[in-house]
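A short worksheet on the structure shown next.
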There are 2 protein chains.
Amino acid sequence: MAINDSPVERAEHEQRLQDVRRTMLSDEKLATMAARFKAISEPSRLKILLALSCGELCVEHLTQAVGGNQSAVSHQLKTLKDNKIVRARRNGKQIIYTVADEHIMLMIKTAKEHLDCDE
Amino acid sequence: MAINDSPVERAEHEQRLQDVRRTMLSDEKLATMAARFKAISEPSRLKILLALSCGELCVEHLTQAVGGNQSAVSHQLKTLKDNKIVRARRNGKQIIYTVADEHIMLMIKTAKEHLDCDE
DNA sequence: TTATCATATGAATAATCTTTCATATGTATA
DNA sequence: TATACATATGAAAGATTATTCATATGATAA
């Protein structure tokens, strides 16, 4: 703490620290949340997610849509699924992937808008 | 493409691929968006962001709030700032950091809600 | 203008992650 | 039941990243 803080400043600072402590997530939740952001922080996986935001796709079609190799796409989908970014269901021989829920759709939308602020 | 797709299925599939192509971001935008998610995908940086979501803080107070070392926090803030997650302004000797904008606040809120779905 | 305070930065090491290749699993069909 | 098909997975190599230490910068106060 800066040595020349006034008493009022010190009190405000204490209040801030308390607010932060009260609001802060547990280390476990923090780690989970960070892992979920990390799942969508690789261009390859983000591309998959954006493709899925147009509608459900099986692995083969996804692979075509994003232009990759089957094994890589499958690994990427596992990361997305483990982090509840996408969901999977079987249909015959195929596994169909979809965006997990509305929170994820909203994140995509918000991130796109954030990006548009650059222009 | 699966060899036994019916003509109707093939047409639907073509439609899907076109939708994806039309909606897909450029490689550059994809990279930028991914980098921004990556910025908030490390527990240390996410913790800083959550602290700032309670209100602005200078580096020293932030360092106390998240419990780290000054150099590390400074590096983390640079990553967040470079990716437009936070903003900085000078006030005397101090640099005050704030959450960049409402998009980021919404992302935090949405991510928290997504997390709450686990329980 | 020198000393001090607050923050930033470069370089290096250690840790983590992504992709690929080879192969395994599970489902449907002949 | 044997074969083909769609997807998943383990291991390993290469690439990327986070943190630390030492030091630099920029601002204020003496």
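Just so we're on the same page: letters track the sequence lines, and every chain starts at 1.
Rounded to an integer number of Å, the gap from CD of Gln94(B) to P of dC5(C) is 14 Å. Atom CD1 of Ile96(A) and atom P of dT7(D) are 8 Å apart (whole Å). Atom CD in Gln64(A) sits roughly 10 Å away from atom P in dT7(D) (whole-Å rounding). Counting to the nearest Å, the C1' atom of dC5(D) and the CD atom of Glu60(A) are 9 Å from each other. The separation between Ile95(A) atom CD1 and dT27(C) atom C1' is 9 Å, rounded to whole Å. Atom CG of Leu77(B) is separated from atom C1' of dT9(C) by 13 Å (rounded to the nearest Å). If you take CG of Asp82(B) and P of dT9(C), they are 9 Å apart, rounded to a whole angstrom. Spacing between atom CZ of Arg89(A) and atom P of dA6(D) amounts to 17 Å, rounded to whole angstrom units.
Looking at Glu12(A) and Arg16(A), no side-chain N of the basic residue comes within less than 4.0 Å of a carboxylate O on the acidic one, giving no salt bridge.
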Could you pull out every donor-acceptor pair under 3.5 Å between side chains of residues 38-46 of chain A and any protein atom, sequence neighbours left out?
from, atom 1, to, atom 2, distance (Å)
Lys38(A), NZ, Glu42(B), OE1, 3.0
Ser41(A), OG, Lys38(A), O, 2.8
Glu42(A), OE1, Lys38(B), NZ, 3.1
Ser44(A), OG, Gln76(A), NE2, 3.4
Arg45(A), NE, Ala39(A), O, 2.7
Arg45(A), NH2, Lys38(A), O, 3.1

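Every residue two or more places apart in sequence or in another chain was checked for a salt bridge (charged side-chain N to carboxylate O under 4.0 Å, His left out) with Lys112(A), and none qualifies. Looking at residues two or more places apart in sequence or on another chain, you find a salt bridge (charged side-chain N to carboxylate O under 4.0 Å, His left out) between Lys78(A) and Asp82(A). For Lys29(B), the side-chain hydrogen bond (donor to acceptor under 3.5 Å, both in side chains) test picks out Glu119(A), with sequence neighbours left out. For Asp118(A), the salt bridge (charged side-chain N to carboxylate O under 4.0 Å, His left out) partners are Arg36(B), Lys84(B), not counting sequence neighbours. For Arg87(B), the side chain to side chain contact (heavy atoms under 4.5 Å, CB included) partners two or more places apart in sequence, or in a different chain, are Thr98(B), Ala100(B). Evaluation of the side-chain hydrogen bond (donor to acceptor under 3.5 Å, both in side chains) rule for Gln15(B) yields Asp19(B) as partners, not counting sequence neighbours.
Non-hydrogen atoms lying under 4.0 Å from DNA chain D are contributed by nothing in residues 26-36 of chain B.
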Whether each nucleotide of nucleotides 16-26 of chain C has a protein heavy atom under 4.0 Å at its base (B), only at its sugar-phosphate (S) or at neither (-) is summarised, 5' to 3', as -SSSBBB---S
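Contact annotation: Tyr97(B) does not reach the phosphate of dA6(C) (side-chain N/O to OP1 or OP2, under 4.0 Å).
Judged by distance alone, the side chain of Asn83(B) and the main-chain N or O of Ile85(B) form no donor-acceptor pair under 3.5 Å.
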